[in-house]
Protein chains: 2
Amino acid sequence: MVEAPERERAVAPRRGRETRAAIDAAAVELFAQRGYHATSMRALAAAAEIQPAAIYHWYPGKEAILVHLQDEFMAELTERVVAAMAEQDRPALKLAAAVREHVAYHGEHPDEAFVTDSEIRALRERPRRALIAKRDEYQRMFGGLVRAGIADGSLRTSDPDVATYAILLQCTGVALWFDPSGPLGLDEVAAVHVELVLGGLGADRKLIAAAVAAPGGRG
Amino acid sequence: MVEAPERERAVAPRRGRETRAAIDAAAVELFAQRGYHATSMRALAAAAEIQPAAIYHWYPGKEAILVHLQDEFMAELTERVVAAMAEQDRPALKLAAAVREHVAYHGEHPDEAFVTDSEIRALRERPRRALIAKRDEYQRMFGGLVRAGIADGSLRTSDPDVATYAILLQCTGVALWFDPSGPLGLDEVAAVHVELVLGGLGADRKLIAAAVAAPGGRG
DNA sequence: GTGCTCAATGAACGATCGTTAGGGAACCTA
DNA sequence: TAGGTTCCCTAACGATCGTTCATTGAGCAC
């Protein structure tokens, strides 16, 4: 029998769980840069330096990568914001801490934030509903703080729901434009947002100054 | 000769320019709902009730539909906001008018707004650069108003650039959540945003009340 | 060293993608 | 009514998509 000519196999080193991390990193970057549908499994594999079929050892399919990424982001974001809120007592200061942490986390993880927000529609019914439920619950936290601030007289707005949407949108948007090498640091950007949010809610200057000054319980 | 059995041709009525409008309408809806890359030319054609090949009579390709849609939105938005600004004299009131018009237009055309904002990355280099240039110019208009308001002493912020980003993000976001059948009308939502924006910029209550009250020069 | 699991491979599947070729019916103009 | 143009069709192109298949080499337990 004639032996088939030994073709070299381009064997990637066996990296175990590191491979999964490489897939995740590639997915975050490419989904954010080009979008979920514009990113092929082959492009993902190339960025992770494996063959396309190897992805299926770690994930059941393309959508599962997206779901994993979004779930992780929402969980970590929620945990950090809840923790930041817990360090304050007055509603307006809780809101300020939440805004500060929300901005900081979005500035630190802009790609994850962008993918989580913008690729909801890429999900099929079931996981989409689940993610939207988490997002809604997260938003209700902020809404509750706005209402509590109004109730105790420190805040004021002609519509708490609209105000809540506006607050979250401007803070989430930081992920779209913040540049770590720009003139302002993340904590400065966060402070500006605290000022904008509380100002928009009619807080008095002393309260705003106090909220801007307090660095998330670390002071 | 044997005649081939006459198969029925599914002939759509000739609609001329109406067909183009149907393609545009289908594109706005489907691009907004599923995303540009997730929308096939076949899906577009089905929604417009024509065959896929007919699209190429009106557009040179898929990207051209997106470009047309985005250009039209940016042009109309800019025109309306510029006109609204022109009806006021003081910077803070110009800003309020711009915010009001920006919110109104986004509330009226949420799909177009969303597609224009979120599908920039789907464009190839050339049209992407062109759209980004228009968007940046539009943003600079708002930035100029913020700075002018600071210069004349009616507004105040610790960073005009961050404030400008925040203003545009919260107002643009109205396209994401506004529901015409909801409890608030578009002009009410716009008024809330005027209040939030000017409040965030430290305007005094009299100024805010004046800006909220003035319905875009019609009073 | 023998057997088993893990992590990865090359090759191929059917489906769908954007696009094009070529033709024909409807409409306008003269 | 003849001729040209407009509008839309059917059919198919090559490329690429997400995914599956059978297989293989490395490393570990006994």
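Because only heavy atoms are used, hydrogens play no part in the values below, and waters and symmetry mates are left out as well, while side chains stay in. The chains referred to below are lettered A, B, ... by the order of the sequence lines, with proteins before strands, and numbering in each begins at 1.
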Undergrad: Would you tell me if any nitrogen or oxygen in the side chain of A:H57 comes within less than 4.0 Å of OP1 or OP2 on C:dA8?
TA: no
Undergrad: Over how many whole Å does the gap from B:E18 atom CD to D:dC7 atom C1' extend?
TA: 13 Å
Undergrad: Look at the side chain of B:A54 and decide which nucleotide, out of D:dC8, C:dT9, D:dT19, has an atom nearest to it.
TA: D:dC8
Undergrad: Can you figure out which of D:dC9, C:dG18, D:dT20 approaches the side chain of A:Y56 most closely?
TA: D:dT20
Undergrad: Taking the six-membered ring of B:Y36 as reference, does the NZ or CZ atom of B:K62 fall below 6.0 Å from its centre and within a 45° cone about the axis?
TA: yes
Undergrad: Think A:T19 has a side-chain N or O under 4.0 angstrom from the OP1 or OP2 of C:dA8?
TA: yes
Undergrad: When the distance from NE2 of B:H37 to P of C:dC17 is rounded to whole Å, what number comes out?
TA: 14 Å
Undergrad: Heavy atoms from C-beta onward define the side chain here; which of C:dT19, C:dT20, C:dT9 lies closest to that of B:K62?
TA: C:dT19
Undergrad: Take atom CD1 of B:I50 and atom P of C:dA25, then tell me their distance rounded to the nearest Å.
TA: 20 Å
Undergrad: What nucleotide, of D:dT19, D:dC9, C:dG18, holds the atom closest to the side chain of A:M41?
TA: D:dT19
Undergrad: Rounded to the Å, how far apart are A:L44 CG and D:dC17 P?
TA: 12 Å
Undergrad: When you measure from the side-chain N and O atoms of B:W58 to the phosphate of D:dT6, is any distance below 4.0 Å, counting only OP1 and OP2?
TA: no
Undergrad: In whole angstrom, give the distance that lies between atom OH of A:Y59 and atom P of C:dA8.
TA: 13 Å
Undergrad: Ignoring hydrogens and angles, state whether a donor on the side chain of A:T164 or A:Q139 is under 3.5 Å from an acceptor on the partner side chain.
TA: no
Undergrad: Atom CD1 of B:I23 to atom C1' of D:dC8: distance rounded to whole Å?
TA: 11 Å
Undergrad: Is the NZ or CZ atom of A:R100 positioned over A:Y105's six-membered ring, under 6.0 angstrom from the centre and within 45° of the axis?
TA: no
Undergrad: Rounding to an integer number of Å, can you tell me how far B:R17 CZ sits from D:dC8 C1'?
TA: 16 Å
Undergrad: Over 60° means perpendicular and under 30° means parallel, so classify the ring planes of A:H193 and A:W177, tilted if in between.
TA: parallel
Undergrad: Can you tell me if B:S40 touches the phosphate of C:dT16, counting only side-chain N or O atoms and a distance under 4.0 Å to OP1 or OP2?
TA: no
Undergrad: With the side chain of B:R42 defined as its heavy atoms from C-beta on, choose the nearest nucleotide among C:dT19, D:dT19, C:dT9.
TA: C:dT19
Undergrad: Establish, with yes or no, whether the OP1 or OP2 oxygen of D:dC8 is under 4.0 angstrom from a side-chain nitrogen or oxygen of B:Q51.
TA: no
Undergrad: With side chain to side chain contact (heavy atoms under 4.5 Å, CB included) as the criterion, how do B:Y165 and A:V174 come out once you've worked through the C-alpha distance, each side chain's angles and the decisive distance to 0.1 Å?
TA: CA-CA 8 Å; B:Y165 284 129; A:V174 169; over 6 Å; no
Undergrad: Quick one: B:I55 CD1 to D:dC9 P, roughly how many Å, whole number?
TA: 10 Å
